[in-house]
Amino acid sequence: MNAIEVRGLRKSYGGNTAVAGVDLAVGEGEVFALLGPNGAGKTTTTEILEGYRDRDGGEVRVLGVDPAAADRRWRAEIGIVLQTANDAADLTVRETVRQFFGYYPDPRGVEEVLALCGLTEKANARISSLSGGQRRRVDVALGIIGRPRLLFLDEPTTGFDPEVRRQFWDLVRSLAAEGTTILLTTHYLDEAEALADRLAVIAAGRIVAEGTPRTVGGRDRAPATVSWVDAGGPHELRTTDPVRTVVELSARGPVHELQVRRPSLEDIYLDLIGARA
Amino acid sequence: MTTTQVRPQTTRPLPSTLGNGLARGAAELKMFFRSKEAVIFTFSFPAFVLLLLGSIFDTGETMPGGASMSQVFAASMIAYGILNTAFTSVGVGIAADREDGTLKRLRGTPITASSYFIGKIILVAVATAAEVALLLAVGVLVFDLRLPTDPAKWLTLAWILLLAVIACTLVGIAASGLAKSGKNAATVLNLPVIALQFTSGVFVAISSLPEAMVKVAAFFPVRWMGQGFRSVFLPDSMAVGEVAGSWELPVVALVLGAWCAVGLLLCLLTFRWTERRAG
(Lines give C-alpha, C1' and ligand atoms only; values in the text may rest on other atoms or scores of the structure.)
Protein backbone atom coordinates (compact mmCIF):
# COMPACT_ATOMS: atom_id res chain seq x y z
CA MET A 1 0.00 0.00 0.00
CA ASN A 2 1.22 3.48 -0.81
CA ALA A 3 1.30 6.04 2.00
CA ILE A 4 -0.25 8.62 -0.32
CA GLU A 5 -2.36 7.83 -3.34
CA VAL A 6 -3.95 10.68 -5.33
CA ARG A 7 -5.85 10.44 -8.61
CA GLY A 8 -7.40 13.30 -10.55
CA LEU A 9 -7.43 15.73 -7.61
CA ARG A 10 -9.26 18.96 -8.38
CA LYS A 11 -9.99 22.06 -6.34
CA SER A 12 -11.07 25.56 -7.26
CA TYR A 13 -11.89 28.65 -5.24
CA GLY A 14 -14.73 30.54 -6.82
CA GLY A 15 -13.76 30.58 -10.48
CA ASN A 16 -10.03 30.08 -9.89
CA THR A 17 -8.69 26.59 -10.40
CA ALA A 18 -5.99 25.86 -7.84
CA VAL A 19 -5.52 22.15 -8.51
CA ALA A 20 -6.43 20.86 -11.98
CA GLY A 21 -6.11 17.09 -11.91
CA VAL A 22 -3.13 16.02 -9.81
CA ASP A 23 -1.95 12.39 -9.64
CA LEU A 24 0.55 11.37 -7.00
CA ALA A 25 1.80 8.19 -5.43
CA VAL A 26 4.17 8.20 -2.48
CA GLY A 27 5.39 4.84 -1.23
CA GLU A 28 5.70 3.97 2.46
CA GLY A 29 9.06 5.03 3.82
CA GLU A 30 9.75 7.38 0.94
CA VAL A 31 10.90 11.00 1.20
CA PHE A 32 8.95 12.78 -1.51
CA ALA A 33 9.41 16.46 -2.37
CA LEU A 34 6.73 18.60 -3.96
CA LEU A 35 8.23 21.61 -5.70
CA GLY A 36 6.53 24.53 -7.35
CA PRO A 37 6.22 28.30 -7.39
CA ASN A 38 3.83 30.15 -5.09
CA GLY A 39 0.24 29.76 -6.24
CA ALA A 40 0.98 26.56 -8.17
CA GLY A 41 -1.34 24.49 -5.99
CA LYS A 42 1.27 23.04 -3.61
CA THR A 43 -0.33 24.25 -0.40
CA THR A 44 -3.86 23.43 -1.53
CA THR A 45 -2.77 19.90 -2.43
CA THR A 46 -0.99 19.29 0.87
CA GLU A 47 -3.83 20.83 2.88
CA ILE A 48 -6.27 18.42 1.23
CA LEU A 49 -3.94 15.52 2.07
CA GLU A 50 -3.66 16.76 5.67
CA GLY A 51 -7.45 16.85 6.04
CA TYR A 52 -7.68 20.63 6.34
CA ARG A 53 -9.52 21.22 3.08
CA ASP A 54 -12.32 19.66 1.08
CA ARG A 55 -11.72 18.75 -2.53
CA ASP A 56 -13.95 19.22 -5.54
CA GLY A 57 -13.05 15.96 -7.23
CA GLY A 58 -10.65 13.05 -7.41
CA GLU A 59 -9.60 10.11 -5.29
CA VAL A 60 -7.38 10.64 -2.24
CA ARG A 61 -6.02 7.99 0.13
CA VAL A 62 -3.59 8.92 2.87
CA LEU A 63 -2.42 5.94 4.95
CA GLY A 64 -5.30 4.11 3.33
CA VAL A 65 -7.93 6.60 4.52
CA ASP A 66 -9.81 9.43 2.81
CA PRO A 67 -8.62 12.52 4.75
CA ALA A 68 -12.04 14.14 4.33
CA ALA A 69 -13.49 11.37 6.51
CA ALA A 70 -10.53 10.84 8.82
CA ASP A 71 -10.82 10.08 12.53
CA ARG A 72 -8.57 10.57 15.58
CA ARG A 73 -6.73 7.31 14.96
CA TRP A 74 -5.67 8.63 11.56
CA ARG A 75 -4.57 11.98 12.98
CA ALA A 76 -2.46 10.11 15.53
CA GLU A 77 -0.53 8.54 12.64
CA ILE A 78 0.32 11.76 10.81
CA GLY A 79 2.48 14.70 11.80
CA ILE A 80 2.09 18.18 10.35
CA VAL A 81 4.69 20.94 10.42
CA LEU A 82 2.67 24.03 9.63
CA GLN A 83 3.95 26.89 7.55
CA THR A 84 2.51 29.79 9.50
CA ALA A 85 1.61 29.49 13.13
CA ASN A 86 2.23 31.98 15.87
CA ASP A 87 0.42 30.34 18.76
CA ALA A 88 1.23 29.65 22.41
CA ALA A 89 3.49 32.70 22.66
CA ASP A 90 3.22 32.83 26.45
CA LEU A 91 4.09 29.17 27.08
CA THR A 92 7.61 27.83 27.32
CA VAL A 93 9.01 25.45 24.72
CA ARG A 94 8.89 22.50 27.11
CA GLU A 95 5.32 23.27 28.27
CA THR A 96 4.12 23.34 24.68
CA VAL A 97 5.90 20.15 23.65
CA ARG A 98 4.72 18.37 26.80
CA GLN A 99 1.14 19.39 26.10
CA PHE A 100 1.24 17.91 22.60
CA PHE A 101 2.95 14.81 24.03
CA GLY A 102 -0.32 14.19 25.87
CA TYR A 103 -2.44 14.26 22.71
CA TYR A 104 -0.92 11.09 21.18
CA PRO A 105 -1.26 7.41 22.00
CA ASP A 106 2.41 6.50 21.40
CA PRO A 107 4.50 9.67 21.53
CA ARG A 108 8.24 10.19 21.57
CA GLY A 109 9.71 11.43 24.86
CA VAL A 110 9.59 15.18 25.46
CA GLU A 111 13.30 15.50 26.22
CA GLU A 112 14.17 13.28 23.26
CA VAL A 113 12.24 15.55 20.89
CA LEU A 114 13.75 18.70 22.40
CA ALA A 115 17.21 17.22 21.86
CA LEU A 116 16.42 16.05 18.31
CA CYS A 117 15.30 19.55 17.38
CA GLY A 118 18.17 21.30 19.11
CA LEU A 119 15.87 22.95 21.65
CA THR A 120 17.27 21.58 24.91
CA GLU A 121 18.93 24.88 25.79
CA LYS A 122 15.78 26.83 24.97
CA ALA A 123 13.41 24.45 26.76
CA ASN A 124 12.47 26.94 29.48
CA ALA A 125 12.25 29.98 27.21
CA ARG A 126 8.89 31.52 26.37
CA ILE A 127 8.00 30.88 22.73
CA SER A 128 7.51 34.64 22.23
CA SER A 129 11.22 35.15 23.00
CA LEU A 130 12.50 32.78 20.28
CA SER A 131 14.04 33.75 16.95
CA GLY A 132 12.26 32.81 13.73
CA GLY A 133 14.47 29.77 13.20
CA GLN A 134 14.02 28.57 16.78
CA ARG A 135 10.25 29.04 16.46
CA ARG A 136 10.38 26.87 13.35
CA ARG A 137 12.17 24.15 15.30
CA VAL A 138 9.31 24.15 17.81
CA ASP A 139 6.94 23.61 14.85
CA VAL A 140 9.04 20.63 13.82
CA ALA A 141 9.11 19.30 17.40
CA LEU A 142 5.29 19.44 17.57
CA GLY A 143 5.10 17.70 14.20
CA ILE A 144 7.20 14.71 15.26
CA ILE A 145 6.24 14.31 18.95
CA GLY A 146 3.45 11.87 18.03
CA ARG A 147 5.88 9.49 16.29
CA PRO A 148 4.03 9.89 12.96
CA ARG A 149 4.16 7.27 10.21
CA LEU A 150 3.66 10.08 7.70
CA LEU A 151 5.13 13.54 8.22
CA PHE A 152 4.13 16.64 6.25
CA LEU A 153 6.89 19.24 6.16
CA ASP A 154 5.76 22.53 4.67
CA GLU A 155 8.74 24.83 3.98
CA PRO A 156 10.44 23.48 7.10
CA THR A 157 13.77 25.31 6.95
CA THR A 158 12.66 28.85 6.17
CA GLY A 159 14.67 31.16 8.41
CA PHE A 160 17.32 28.56 9.33
CA ASP A 161 20.98 29.44 9.19
CA PRO A 162 23.11 27.04 7.10
CA GLU A 163 24.43 25.08 10.07
CA VAL A 164 21.00 24.54 11.62
CA ARG A 165 19.69 23.62 8.19
CA ARG A 166 22.28 20.82 7.91
CA GLN A 167 21.26 19.60 11.38
CA PHE A 168 17.66 19.59 10.28
CA TRP A 169 18.52 17.58 7.18
CA ASP A 170 20.19 15.00 9.43
CA LEU A 171 17.03 14.89 11.52
CA VAL A 172 14.89 14.27 8.42
CA ARG A 173 17.28 11.52 7.29
CA SER A 174 17.12 9.82 10.68
CA LEU A 175 13.30 10.00 10.64
CA ALA A 176 13.34 8.50 7.15
CA ALA A 177 15.74 5.78 8.32
CA GLU A 178 13.17 4.81 10.97
CA GLY A 179 10.67 4.27 8.17
CA THR A 180 8.74 7.56 8.40
CA THR A 181 7.19 8.60 5.10
CA ILE A 182 7.85 12.28 4.47
CA LEU A 183 6.11 14.69 2.13
CA LEU A 184 8.27 17.79 1.85
CA THR A 185 7.26 21.00 0.16
CA THR A 186 10.08 23.44 -0.28
CA HIS A 187 11.41 26.35 -2.28
CA TYR A 188 14.99 25.21 -1.77
CA LEU A 189 16.07 22.95 -4.60
CA ASP A 190 19.28 21.93 -2.84
CA GLU A 191 17.10 20.76 0.03
CA ALA A 192 14.98 18.62 -2.29
CA GLU A 193 18.11 17.26 -3.91
CA ALA A 194 19.72 16.44 -0.56
CA LEU A 195 16.68 14.77 1.01
CA ALA A 196 14.20 13.47 -1.54
CA ASP A 197 14.09 9.93 -2.92
CA ARG A 198 11.66 11.23 -5.52
CA LEU A 199 10.12 14.56 -6.36
CA ALA A 200 7.40 16.14 -8.44
CA VAL A 201 7.15 19.63 -9.86
CA ILE A 202 3.72 21.26 -9.78
CA ALA A 203 2.85 24.27 -11.93
CA ALA A 204 -0.55 25.85 -12.58
CA GLY A 205 -2.30 23.08 -10.67
CA ARG A 206 -0.73 20.16 -12.55
CA ILE A 207 2.22 17.86 -12.06
CA VAL A 208 4.57 18.78 -14.91
CA ALA A 209 7.39 16.36 -14.06
CA GLU A 210 8.09 13.56 -11.65
CA GLY A 211 11.17 11.48 -10.96
CA THR A 212 14.25 11.21 -8.81
CA PRO A 213 16.36 14.34 -8.28
CA ARG A 214 18.82 12.90 -10.86
CA THR A 215 16.30 12.08 -13.56
CA VAL A 216 13.43 14.54 -13.14
CA GLY A 217 12.52 16.46 -16.26
CA GLY A 218 15.07 14.48 -18.30
CA ARG A 219 17.94 15.90 -16.26
CA ASP A 220 20.10 12.80 -16.90
CA ARG A 221 19.66 13.11 -20.66
CA ALA A 222 19.75 16.90 -20.96
CA PRO A 223 22.74 18.49 -22.74
CA ALA A 224 25.75 19.37 -20.63
CA THR A 225 27.83 22.52 -21.02
CA VAL A 226 31.55 22.13 -21.72
CA SER A 227 33.67 25.26 -21.34
CA TRP A 228 37.38 25.83 -21.78
CA VAL A 229 40.00 28.42 -22.62
CA ASP A 230 42.55 27.98 -25.38
CA ALA A 231 44.72 30.20 -27.58
CA GLY A 232 41.58 31.53 -29.24
CA GLY A 233 40.00 32.61 -25.91
CA PRO A 234 37.11 31.18 -23.86
CA HIS A 235 34.69 28.71 -25.46
CA GLU A 236 31.42 27.13 -24.43
CA LEU A 237 29.57 24.23 -26.02
CA ARG A 238 26.25 22.58 -25.18
CA THR A 239 26.34 18.89 -26.05
CA THR A 240 24.60 15.63 -25.24
CA ASP A 241 27.96 13.85 -25.46
CA PRO A 242 30.38 15.85 -23.29
CA VAL A 243 32.82 12.91 -23.03
CA ARG A 244 33.41 13.01 -26.75
CA THR A 245 34.00 16.77 -26.65
CA VAL A 246 36.55 16.37 -23.86
CA VAL A 247 38.36 13.59 -25.74
CA GLU A 248 38.53 15.72 -28.87
CA LEU A 249 39.79 18.72 -26.89
CA SER A 250 42.56 16.73 -25.26
CA ALA A 251 43.68 15.47 -28.69
CA ARG A 252 43.75 19.02 -30.04
CA GLY A 253 46.25 20.44 -27.66
CA PRO A 254 46.58 22.72 -24.66
CA VAL A 255 43.25 23.81 -23.09
CA HIS A 256 42.80 25.44 -19.72
CA GLU A 257 39.99 25.79 -17.19
CA LEU A 258 38.15 22.80 -18.62
CA GLN A 259 34.70 22.41 -17.06
CA VAL A 260 31.79 20.05 -17.70
CA ARG A 261 28.55 21.24 -16.13
CA ARG A 262 25.51 19.00 -15.90
CA PRO A 263 22.24 20.95 -15.66
CA SER A 264 21.46 21.62 -12.00
CA LEU A 265 18.11 20.74 -10.49
CA GLU A 266 17.47 24.47 -10.49
CA ASP A 267 18.04 24.70 -14.27
CA ILE A 268 15.60 21.85 -14.84
CA TYR A 269 13.09 23.29 -12.42
CA LEU A 270 13.15 26.77 -13.98
CA ASP A 271 12.61 25.22 -17.41
CA LEU A 272 9.73 23.11 -16.12
CA ILE A 273 7.81 25.95 -14.55
CA GLY A 274 8.40 28.07 -17.64
CA ALA A 275 10.39 30.71 -15.81
CA ARG A 276 13.07 30.75 -18.51
CA ALA A 277 12.73 31.46 -22.18
CA MET B 1 12.25 1.32 -3.44
CA THR B 2 13.83 1.52 0.00
CA THR B 3 13.86 -1.57 2.16
CA THR B 4 13.30 0.14 5.50
CA GLN B 5 10.91 -1.59 7.84
CA VAL B 6 7.57 0.20 7.89
CA ARG B 7 6.22 0.68 11.39
CA PRO B 8 2.73 -0.73 11.93
CA GLN B 9 -0.13 1.38 13.22
CA THR B 10 -0.11 1.66 17.02
CA THR B 11 -2.85 -0.15 18.93
CA ARG B 12 -2.39 1.83 22.13
CA PRO B 13 -5.52 3.63 23.33
CA LEU B 14 -6.04 7.27 22.38
CA PRO B 15 -5.76 9.76 25.25
CA SER B 16 -9.03 10.69 26.95
CA THR B 17 -10.96 13.81 26.00
CA LEU B 18 -11.20 14.83 29.66
CA GLY B 19 -7.48 14.40 30.31
CA ASN B 20 -6.56 16.45 27.25
CA GLY B 21 -9.20 19.01 28.23
CA LEU B 22 -7.67 19.44 31.69
CA ALA B 23 -4.24 19.88 30.10
CA ARG B 24 -5.69 22.50 27.74
CA GLY B 25 -7.27 24.24 30.74
CA ALA B 26 -3.93 24.40 32.55
CA ALA B 27 -2.30 25.83 29.43
CA GLU B 28 -5.12 28.36 28.91
CA LEU B 29 -4.78 29.58 32.51
CA LYS B 30 -1.00 29.91 32.22
CA MET B 31 -1.31 31.86 28.98
CA PHE B 32 -4.02 34.11 30.43
CA PHE B 33 -2.25 35.03 33.64
CA ARG B 34 1.09 35.46 31.87
CA SER B 35 -0.25 38.10 29.49
CA LYS B 36 -0.08 41.07 31.83
CA GLU B 37 -2.02 43.49 29.61
CA ALA B 38 -5.01 41.13 29.48
CA VAL B 39 -5.04 40.73 33.24
CA ILE B 40 -4.59 44.41 34.05
CA PHE B 41 -6.72 46.07 31.39
CA THR B 42 -9.35 43.55 30.35
CA PHE B 43 -9.87 41.62 33.54
CA SER B 44 -9.99 44.64 35.87
CA PHE B 45 -12.11 46.79 33.58
CA PRO B 46 -15.52 46.01 35.15
CA ALA B 47 -14.15 46.80 38.62
CA PHE B 48 -12.81 50.07 37.24
CA VAL B 49 -16.21 50.97 35.75
CA LEU B 50 -17.88 50.05 39.05
CA LEU B 51 -15.51 52.37 40.94
CA LEU B 52 -16.27 55.23 38.54
CA LEU B 53 -20.06 54.84 38.28
CA GLY B 54 -20.41 53.98 41.94
CA SER B 55 -18.49 57.09 43.00
CA ILE B 56 -20.29 59.39 40.55
CA PHE B 57 -23.71 58.34 41.85
CA ASP B 58 -22.64 58.00 45.47
CA THR B 59 -24.82 60.89 46.64
CA GLY B 60 -25.57 59.54 50.10
CA GLU B 61 -29.29 59.25 49.27
CA THR B 62 -31.06 55.93 49.46
CA MET B 63 -33.38 54.58 46.77
CA PRO B 64 -36.92 53.35 47.44
CA GLY B 65 -36.33 50.06 49.23
CA GLY B 66 -33.41 51.24 51.32
CA ALA B 67 -30.17 50.55 49.37
CA SER B 68 -27.89 53.19 47.81
CA MET B 69 -27.48 53.68 44.07
CA SER B 70 -23.84 52.52 44.35
CA GLN B 71 -24.93 49.25 45.94
CA VAL B 72 -27.35 48.65 43.06
CA PHE B 73 -24.45 49.20 40.63
CA ALA B 74 -22.20 46.87 42.64
CA ALA B 75 -24.78 44.05 42.41
CA SER B 76 -25.68 44.64 38.74
CA MET B 77 -22.05 44.98 37.67
CA ILE B 78 -21.48 41.25 38.32
CA ALA B 79 -23.42 40.71 35.08
CA TYR B 80 -20.79 42.87 33.33
CA GLY B 81 -18.05 40.82 34.94
CA ILE B 82 -19.49 37.61 33.51
CA LEU B 83 -20.01 39.14 30.08
CA ASN B 84 -16.36 40.17 30.24
CA THR B 85 -14.82 36.86 31.31
CA ALA B 86 -17.25 34.52 29.55
CA PHE B 87 -18.68 36.18 26.43
CA THR B 88 -16.01 38.69 25.40
CA SER B 89 -12.84 36.90 26.40
CA VAL B 90 -14.04 33.57 24.96
CA GLY B 91 -15.17 35.19 21.71
CA VAL B 92 -11.97 37.19 21.34
CA GLY B 93 -9.84 34.27 22.52
CA ILE B 94 -11.24 31.83 19.97
CA ALA B 95 -11.00 34.37 17.15
CA ALA B 96 -7.34 34.83 18.13
CA ASP B 97 -6.79 31.05 18.31
CA ARG B 98 -8.19 30.81 14.81
CA GLU B 99 -5.94 33.56 13.54
CA ASP B 100 -2.64 32.65 15.20
CA GLY B 101 -2.80 28.99 14.15
CA THR B 102 -3.70 27.42 17.52
CA LEU B 103 -6.84 25.81 16.15
CA LYS B 104 -5.24 24.77 12.89
CA ARG B 105 -2.41 23.09 14.74
CA LEU B 106 -4.78 21.31 17.12
CA ARG B 107 -6.90 20.17 14.19
CA GLY B 108 -3.86 18.31 12.86
CA THR B 109 -3.54 16.27 16.10
CA PRO B 110 -5.84 13.60 17.56
CA ILE B 111 -7.23 16.03 20.16
CA THR B 112 -11.03 16.39 20.13
CA ALA B 113 -12.95 19.66 19.81
CA SER B 114 -14.50 18.82 23.20
CA SER B 115 -11.04 18.86 24.84
CA TYR B 116 -10.44 22.31 23.40
CA PHE B 117 -13.76 23.54 24.80
CA ILE B 118 -13.15 21.95 28.20
CA GLY B 119 -9.95 24.02 28.27
CA LYS B 120 -11.94 27.19 27.53
CA ILE B 121 -14.56 26.30 30.16
CA ILE B 122 -11.83 25.86 32.80
CA LEU B 123 -10.38 29.25 31.86
CA VAL B 124 -13.82 30.89 32.02
CA ALA B 125 -14.66 29.24 35.36
CA VAL B 126 -11.45 30.38 37.04
CA ALA B 127 -11.46 33.86 35.49
CA THR B 128 -15.14 34.38 36.34
CA ALA B 129 -14.68 33.29 39.95
CA ALA B 130 -11.77 35.75 40.25
CA GLU B 131 -13.77 38.50 38.51
CA VAL B 132 -16.82 38.08 40.75
CA ALA B 133 -14.59 38.02 43.84
CA LEU B 134 -12.89 41.24 42.71
CA LEU B 135 -16.21 43.00 42.04
CA LEU B 136 -17.63 41.87 45.39
CA ALA B 137 -14.48 43.05 47.15
CA VAL B 138 -14.88 46.52 45.60
CA GLY B 139 -18.61 46.51 46.40
CA VAL B 140 -18.11 45.51 50.02
CA LEU B 141 -15.04 47.65 50.76
CA VAL B 142 -15.94 50.83 48.87
CA PHE B 143 -19.74 50.89 48.64
CA ASP B 144 -20.72 49.02 51.78
CA LEU B 145 -22.43 46.17 49.91
CA ARG B 146 -23.51 43.52 52.38
CA LEU B 147 -22.88 39.84 51.58
CA PRO B 148 -25.95 37.70 52.28
CA THR B 149 -26.02 35.47 55.34
CA ASP B 150 -28.97 33.37 54.18
CA PRO B 151 -27.68 30.13 52.54
CA ALA B 152 -30.67 30.24 50.16
CA LYS B 153 -29.26 33.49 48.66
CA TRP B 154 -25.89 31.83 48.06
CA LEU B 155 -27.66 28.92 46.39
CA THR B 156 -29.46 31.41 44.12
CA LEU B 157 -26.11 33.03 43.33
CA ALA B 158 -24.66 29.62 42.45
CA TRP B 159 -27.30 28.64 39.91
CA ILE B 160 -27.50 32.07 38.32
CA LEU B 161 -23.70 32.14 37.97
CA LEU B 162 -23.70 28.66 36.46
CA LEU B 163 -26.45 29.35 33.91
CA ALA B 164 -25.06 32.80 33.06
CA VAL B 165 -21.55 31.52 32.51
CA ILE B 166 -22.71 28.63 30.32
CA ALA B 167 -25.02 30.84 28.24
CA CYS B 168 -22.43 33.62 27.80
CA THR B 169 -19.62 31.18 26.97
CA LEU B 170 -21.64 29.33 24.36
CA VAL B 171 -22.86 32.53 22.71
CA GLY B 172 -19.27 33.84 22.88
CA ILE B 173 -17.99 30.74 21.06
CA ALA B 174 -20.60 31.24 18.34
CA ALA B 175 -19.87 34.97 18.15
CA SER B 176 -16.15 34.31 17.63
CA GLY B 177 -17.00 33.56 14.01
CA LEU B 178 -18.58 37.00 13.47
CA ALA B 179 -15.24 38.78 13.44
CA LYS B 180 -13.29 38.27 10.23
CA SER B 181 -9.99 38.46 12.07
CA GLY B 182 -8.75 38.13 15.60
CA LYS B 183 -7.60 41.73 15.61
CA ASN B 184 -11.04 43.32 15.36
CA ALA B 185 -12.90 40.68 17.38
CA ALA B 186 -12.78 42.77 20.56
CA THR B 187 -14.28 45.76 18.75
CA VAL B 188 -17.03 43.68 17.15
CA LEU B 189 -17.98 41.88 20.35
CA ASN B 190 -17.91 44.99 22.55
CA LEU B 191 -20.79 46.61 20.70
CA PRO B 192 -23.51 44.18 21.86
CA VAL B 193 -21.92 44.05 25.32
CA ILE B 194 -22.08 47.82 25.82
CA ALA B 195 -25.51 48.14 24.18
CA LEU B 196 -27.04 45.41 26.33
CA GLN B 197 -25.62 46.84 29.53
CA PHE B 198 -27.20 50.24 28.94
CA THR B 199 -30.53 48.74 27.93
CA SER B 200 -30.59 46.03 30.60
CA GLY B 201 -30.16 48.18 33.67
CA VAL B 202 -26.51 47.49 34.45
CA PHE B 203 -25.03 50.94 33.75
CA VAL B 204 -28.34 52.74 34.38
CA ALA B 205 -31.02 51.78 36.91
CA ILE B 206 -33.67 49.77 35.09
CA SER B 207 -36.51 51.87 36.60
CA SER B 208 -35.28 54.94 34.70
CA LEU B 209 -35.19 53.28 31.23
CA PRO B 210 -37.82 53.84 28.48
CA GLU B 211 -40.41 51.09 28.38
CA ALA B 212 -39.66 49.96 24.80
CA MET B 213 -35.99 49.52 25.62
CA VAL B 214 -36.83 47.41 28.64
CA LYS B 215 -39.13 45.24 26.54
CA VAL B 216 -36.47 44.54 23.90
CA ALA B 217 -33.75 43.93 26.49
CA ALA B 218 -36.00 41.36 28.16
CA PHE B 219 -35.25 38.96 25.30
CA PHE B 220 -31.54 38.96 26.17
CA PRO B 221 -29.79 37.35 29.13
CA VAL B 222 -28.05 40.43 30.56
CA ARG B 223 -31.22 41.98 31.97
CA TRP B 224 -32.00 38.76 33.86
CA MET B 225 -28.47 38.26 35.06
CA GLY B 226 -28.46 41.75 36.60
CA GLN B 227 -31.86 41.22 38.17
CA GLY B 228 -30.79 37.86 39.60
CA PHE B 229 -27.63 39.31 41.17
CA ARG B 230 -29.59 42.20 42.64
CA SER B 231 -31.90 39.65 44.27
CA VAL B 232 -28.89 38.07 45.96
CA PHE B 233 -27.00 41.15 47.14
CA LEU B 234 -29.74 43.70 47.80
CA PRO B 235 -32.40 43.52 50.51
CA ASP B 236 -35.71 42.03 49.31
CA SER B 237 -37.33 45.43 49.90
CA MET B 238 -35.43 46.62 46.79
CA ALA B 239 -37.56 44.40 44.53
CA VAL B 240 -39.91 47.37 44.17
CA GLY B 241 -37.32 48.92 41.82
CA GLU B 242 -37.64 46.05 39.35
CA VAL B 243 -39.91 46.09 36.32
CA ALA B 244 -42.41 43.62 37.79
CA GLY B 245 -41.94 44.83 41.35
CA SER B 246 -40.51 41.43 42.27
CA TRP B 247 -37.28 39.44 41.60
CA GLU B 248 -38.99 37.04 39.14
CA LEU B 249 -36.41 34.29 39.76
CA PRO B 250 -38.33 31.62 37.78
CA VAL B 251 -38.19 33.90 34.71
CA VAL B 252 -34.47 34.43 35.30
CA ALA B 253 -33.98 30.66 35.26
CA LEU B 254 -36.17 30.25 32.19
CA VAL B 255 -34.50 32.95 30.06
CA LEU B 256 -30.94 31.98 31.00
CA GLY B 257 -31.77 28.30 30.40
CA ALA B 258 -33.20 29.16 26.99
CA TRP B 259 -30.02 31.10 26.10
CA CYS B 260 -27.92 28.07 27.04
CA ALA B 261 -29.90 26.06 24.48
CA VAL B 262 -29.73 28.82 21.85
CA GLY B 263 -26.00 29.24 22.46
CA LEU B 264 -25.34 25.52 22.07
CA LEU B 265 -27.31 25.43 18.84
CA LEU B 266 -25.45 28.47 17.45
CA CYS B 267 -22.13 26.86 18.37
CA LEU B 268 -22.92 23.64 16.59
CA LEU B 269 -24.11 25.54 13.51
CA THR B 270 -21.31 28.06 13.23
CA PHE B 271 -18.09 26.77 14.80
CA ARG B 272 -15.13 26.61 12.39
CA TRP B 273 -11.63 25.34 13.09
CA THR B 274 -9.98 27.78 10.70
CA GLU B 275 -10.48 31.26 9.32
CA ARG B 276 -12.77 31.66 6.37
CA ARG B 277 -10.48 32.29 3.45
CA ALA B 278 -10.81 32.41 -0.30
CA GLY B 279 -7.46 31.14 -1.46
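FYI, side chains are in, hydrogens and waters are out, and symmetry mates aren't considered; it's all heavy atoms of this structure. What you are looking at is a predicted structure, and each value in this text was computed from that prediction instead of being measured. Order of the sequence lines fixes the chain letters, A, B, ..., with proteins taken first and strands second; residue numbering starts at 1 for each chain.
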Toward chain B, the part of A/Arg98 with a non-hydrogen atom under 4.5 Å
neither
Can you tell if the side chain of A/Tyr103 reaches within under 4.5 Å of the side chain of B/Arg24, non-hydrogen atoms only?
yes
Write down the atom of A/Tyr52, the atom of B/Lys104, and the distance for their closest heavy-atom approach.
OH-O, 2.6 Å
Contact part of A/Ala76 toward chain B, heavy-atom cut-off under 4.5 Å: side chain, backbone, both or neither?
both
Heavy-atom pair count under 4.5 Å with chain B, highest-scoring of A/Leu91, A/Ile80, A/Thr96, A/Leu142:
A/Leu91
Minimum heavy-atom distance between B/Pro13 and A/Pro105, given as atom pair plus value
O-CB, 3.3 Å
For B/Lys120, does the NZ atom have more than 12 heavy-atom neighbours from other residues, nucleotides or ligands under 6.0 Å away?
yes
Test side-chain contact (heavy atoms from CB on, under 4.5 Å) applied to A/Asp90 and B/Lys30, step by step
CA-CA 8 Å; A/Asp90 291 313; B/Lys30 274 183 200 155; over 6 Å; no
Would you indicate whether the side-chain heavy atoms of B/Arg34 and A/Thr92 approach each other to under 4.5 Å?
yes
Chain A contact via B/Ser115 - side chain, backbone, both or neither, heavy atoms under 4.5 Å
neither
Quick check: are there more than 12 heavy atoms from other residues, nucleotides or ligands sitting under 6.0 Å from CZ of A/Arg206?
no
Here the pair of heavy atoms bringing A/Gln99 nearest to B/Ala27 is NE2-CB, 3.4 Å
So for A/Phe152, is it side chain, backbone, both, or neither that comes closer than 4.5 Å to the heavy atoms of chain B?
neither
d(A/Tyr104 OH, B/Asn20 CG) to nearest 0.5 Å is 10.5 Å
Do side-chain atoms of A/Arg75 reach the backbone of B/Arg107 as a donor and acceptor pair under 3.5 angstrom?
yes
Below 4.5 Å, heavy-atom pairs only: which of A/Lys11, A/Glu95, A/Glu50, A/Arg198 has the largest tally toward chain B?
A/Glu95
Counting only heavy atoms from other residues, nucleotides and ligands, does the tally under 6.0 Å from CZ of A/Arg7 exceed 12?
no
CZ on B/Arg12 to CG on A/Asp106, rounded to 0.5 Å:
4.0 Å
